[in-house]
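Read the structure below first, then the notes.
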Amino acid sequence: MHEPAQPSTSDQLTRVLYGDNFLQEHGFWRRLLTTEPFRRSGGGTPDERLALSYHRLRILNDTLDSGARLAADPRALAALHEWLGPVDPALTTVAGIHYNLFLGSLLDHDPGTPRDLSDFLELRSIGTFLCTEVAHGNDAAAVETTATYDRERDGFVLHTPHAGAQKFMPNTSPAGGPKTGVVAARLLADGTDHGVFLFLAPLTDDLDALPGVRVRRLPARMGSPVDHCLTSFDRYFVPREALLAGEQGRIGEDGRFTSELANRRRRFLLSIGRVTPGKLSMSACAVGSARVTLAIAVRYAGHRLVSGSRGAQRVPVYAHRTHHGPLAGAMATVFAMSLLHRRALDRWESAPAPDRDEAERLVAVAKGWITWRAREVIVECRERCGAQGLLENNGMTELFTGIEGAITAEGDNLAVHAKAAAEMLFSVTVRDEDEEEGPGELDDPRFLGRLLAAVEDIWFDRARDRISAAPAGDPLGRWNAASGPALRGVEAYGYRQASEAYAQAAAALPGGPARERLTELHRLFALQWVARNSGDLLAAGRLTAEQVSSLPDAVERLIATVARHAPALVKSFALPERLMSDWPIAGPGYADAYDDPEGSWHRHRRAGAGAGGRTVDFRRPVCGSKRRPLREKVAALGTRGVLLAYWGTTSVLSRWFEKPQVSVDESVRPRA
């Protein structure tokens, strides 16, 4: 009997990043994005790229055994965004809207109501979500689109009363096929406004909007092309079954409105409950995008050679502290983002009813914290790649603009954090007694945890002092006085939660290299945040002057350690090599992407070639052009290329015989 092989350091850290059920939750999506239909495209017009994204949505849907099961599983939805987001942000956007906001809303409301979902499950009609309006974004509870109950026809009349009530930015054009929307509208019955509810409404056919619906494309936005539109209704009738009813309210057989909730805002929040899984999906998308960008930057830094200190010596640019230092800090942040995302997802899924509000607040704060940190990481990595990082074929510009969308989607970050700040401002945080102790040792994780908690307390205490000092009778003025430090407190809360997730993950690992690597990353992450707040911690008696003075050296030592292991840490991201090959600078032969077959340096290979100059447009090299004889194709590929082509062909054939669906033990499962 042989002892089972122990998992490698990389495998252990992969499970830290993705969870213990890595293969079950992520395996399907990880394989899917390496198949030919999902490889990064080679450009095209915005309309062509949009058409490709909707085409991929249909391929994705065909691989699922049930779109309803995907919609019912927040972990599978998050994994979809985590893996597909860096590859095709537009596909990820339309898929998230269809499966989560649209199909998920239909499944969550009044499951006893018979409703045929086959058109949406088979994508004969693509689902979209119409909530925010031109004049109402983060205050979506104040939308002005109306749904007036018509007793005679036993249905609802959707109407847009003015320009500010037009639905803003849903993907409602006929691009990709017919669209059906879930529309947030103010329910009016018997002259009474009952608050905002959701209504199911067909919007377009293959070519145009339906009578009573007006759809206009918005100007192009930054990032991947999505058919964002302005959408309005002109007394558009939908039947009784269009109302997505539940405990928040319904229209009875007698035409009267009833609800188990007296508060209209609570009715609205219950109706749009799918926004919370949407926030988790935005966090996942940000984590995946930052992870890919960092992997590209670290790999490029390892094979981009620059002049050394001695004559003809050439060294990787990564050898310089000015280059690897920021990337080491980004590595610690990316691990923190991943761990905080898992922590928020786990708590939200398992939270009992009394803890539900706190779990949803963690999801909201994590979404803002993670997407902002992702932007910082992506910008840093782009800069470390120089001009190469500005070219679209290297992928970083698309990831940068994509993260801007995630920062605004499912609730603008600042508004989301402001809401959390207002809730946390008046809550009482009870700390353990040992958290009140004075300075400890900077290499003690428990002491670092106390310091991060202290930073959070300092900012919220300042906010409470300011709101107490503000004049009474002016709620907005009091909030304005406290909002600045309160928002800093929410940021500190995000750092503390991420640090606690680090400590928990490290404690779960057995002793050895994996635990050492994670502990180093944790210390670097925590000490960099402590250094940013060292003045406040010193004034509060939490740090000594000697400790404050020693912080820079401690951080530098950790940067050197993390930087030394960064290439191995990138392997723990488990990014398939076939995926990475779609970004030229991720490979050592990145300069080959810029080779010119007509360049003078190839003259010796072209007998009798003329010496005349020629301007050639840059194109990504494609092996096997139909214009070239087979012998030349093989020569161009080389031995390694032929082997890769053989491997690719056999992989395609093997996938041909596989059943293209998600099985129960592979990514999609019913929510517990």
Side-chain angles (χ1 to χ4, degrees), residues 71-78 81-82 96 99-101 104-105 107-109 129 131-132 137-141 184 195-196 198 244 246-248 260-261 263-287 337 339-373 406-429 456 460 486-487 489-498 500-501 671-672:
D73 188 345
R75 288 188 177 275
L77 287 168
H81 285 76
E82 194 166 345
Y99 291 110
N100 178 48
L101 294 176
S105 294
L107 295 172
D108 287 352
H109 287 80
F129 193 74
C131 185
T132 55
N138 290 308
D139 64 335
V196 178
L198 300 182
L244 302 193
E247 63 177 297
Q248 69 270 34
E260 299 176 33
L261 303 175
N263 185 284
R264 292 195 304 178
R265 179 172 178 78
R266 288 189 61 195
R267 295 173 189 171
F268 170 69
L269 293 177
L270 186 60
S271 294
I272 63 165
R274 274 284 158 164
V275 169
T276 299
K279 287 184 171 69
L280 287 165
S281 294
M282 291 301 99
S283 296
C285 190
V287 167
M337 292 162 54
L339 291 167
L340 179 57
H341 169 60
R342 306 285 164 224
R343 185 180 183 89
L345 178 56
D346 290 343
R347 287 197 176 180
W348 184 75
E349 265 207 315
S350 61
D355 299 333
R356 199 67 176 170
D357 289 344
E358 185 177 351
E360 290 190 359
R361 182 162 59 244
L362 176 59
V363 169
V365 172
K367 182 261 180 181
W369 191 91
I370 288 170
T371 53
W372 270 329
R373 299 294 83 74
I407 286 171
T408 301
E410 310 296 8
D412 182 78
N413 280 1
L414 188 60
V416 168
H417 275 209
K419 179 178 180 293
E423 295 170 351
M424 298 171 69
L425 189 59
F426 300 104
S427 63
V428 178
T429 302
E456 181 183 343
F460 277 118
L487 285 171
V490 172
E491 180 187 23
Y493 169 80
Y495 273 94
R496 176 175 66 82
Q497 290 287 341
E500 289 180 1
R671 182 177 170 187

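What you find for Ala71 and Leu107 is that their closest heavy atoms are CB-CD1, 3.8 Å. Listed here is the closest heavy atom pair of Ser283 and Ile370: O-CG2, 3.7 Å. Shown here for Arg274 and Ala72, the closest heavy-atom pair between the two residues is NH2-CA, 4.3 Å. Considering all non-hydrogen atoms of both residues, Val196 and Ala184 come closest at CG1-CB, 3.9 Å. Residues Pro277 and Gly273 approach most closely at CD-O, 3.4 Å, considering heavy atoms.
Taking the six-membered ring where the residue is Trp, the centroids of Tyr493 and Trp369 are separated by 6.0 Å or more.
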Please walk me through it: do Lys279 and Glu410 pass salt bridge (charged side-chain N to carboxylate O under 4.0 Å, His left out)? CA-CA 6 Å; Lys279 287 184 171 69; Glu410 310 296 8; over 6 Å; no
Report the C-alpha distance between Arg267 and Glu247 in whole Å, list the side-chain angles of each, state the deciding distance to 0.1 Å, and finish with yes or no for salt bridge (charged side-chain N to carboxylate O under 4.0 Å, His left out). CA-CA 8 Å; Arg267 295 173 189 171; Glu247 63 177 297; over 6 Å; no
Could you walk me through whether Tyr495 and Glu500 pass side chain to side chain contact (heavy atoms under 4.5 Å, CB included), step by step? CA-CA 9 Å; Tyr495 273 94; Glu500 289 180 1; over 6 Å; no
Apply the test side chain to side chain contact (heavy atoms under 4.5 Å, CB included) to residues Gln497 and Arg347: give CA-CA distance (whole Å), side-chain angles for both, the deciding distance (0.1 Å), then the verdict. CA-CA 12 Å; Gln497 290 287 341; Arg347 287 197 176 180; 3.7 Å; yes
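Proximity of Trp348 to Thr276: side-chain heavy atoms (C-beta onward) are separated by under 4.5 Å at one or more points. Side-chain contact between Ser271 and Leu244 is absent, with no heavy atoms from C-beta onward closer than 4.5 Å. By the 4.5 Å heavy-atom criterion applied to side chains, Leu280 and Leu77 are not counted as neighbours.
Distance check, rounded to the nearest 0.5 Å: CH2 of Trp372 to CG of Leu414 gives 5.0 Å. Taking OG1 of Thr408 as the reference point, atom CG of Asn138 lies at 9.0 Å (rounded to 0.5 Å). Here Leu270 contributes atom CG and Gln248 contributes atom CD; the two are 4.5 Å apart, rounded to the nearest 0.5 Å. Distance CD/Glu360 to CG/Leu269: 9.0 Å, rounded to 0.5 Å. Once rounded to the nearest 0.5 Å, the distance linking SG of Cys285 with NE2 of His81 reads 6.5 Å. Note that CG of Leu340 and CG of Leu345 are 11.0 Å apart. Values are rounded to the nearest 0.5 Å.
At a threshold of 4.0 Å, the pair Glu349-Arg343 does not count as salt-bridged, since none of the basic side-chain nitrogens sits closer than that to a carboxylate oxygen.
No more than 12 heavy-atom neighbours from other residues, nucleotides or ligands sit within 6.0 angstrom of CD on Glu358.
Side-chain contact, Ser281 with Asn100: no donor N or O sits under 3.5 Å from an acceptor N or O.
Formation of a donor-acceptor pair under 3.5 Å by the Lys367 side chain with backbone atoms of Ala409 is found in this model. At distances below 3.5 Å, not a single donor-acceptor pair connects side-chain atoms of His341 with backbone N or O atoms of Met337.
Just one residue in the list Lys419, Met424, Arg356 forms a side chain to side chain contact (heavy atoms under 4.5 Å, CB included) with Arg361, and that residue is Met424.
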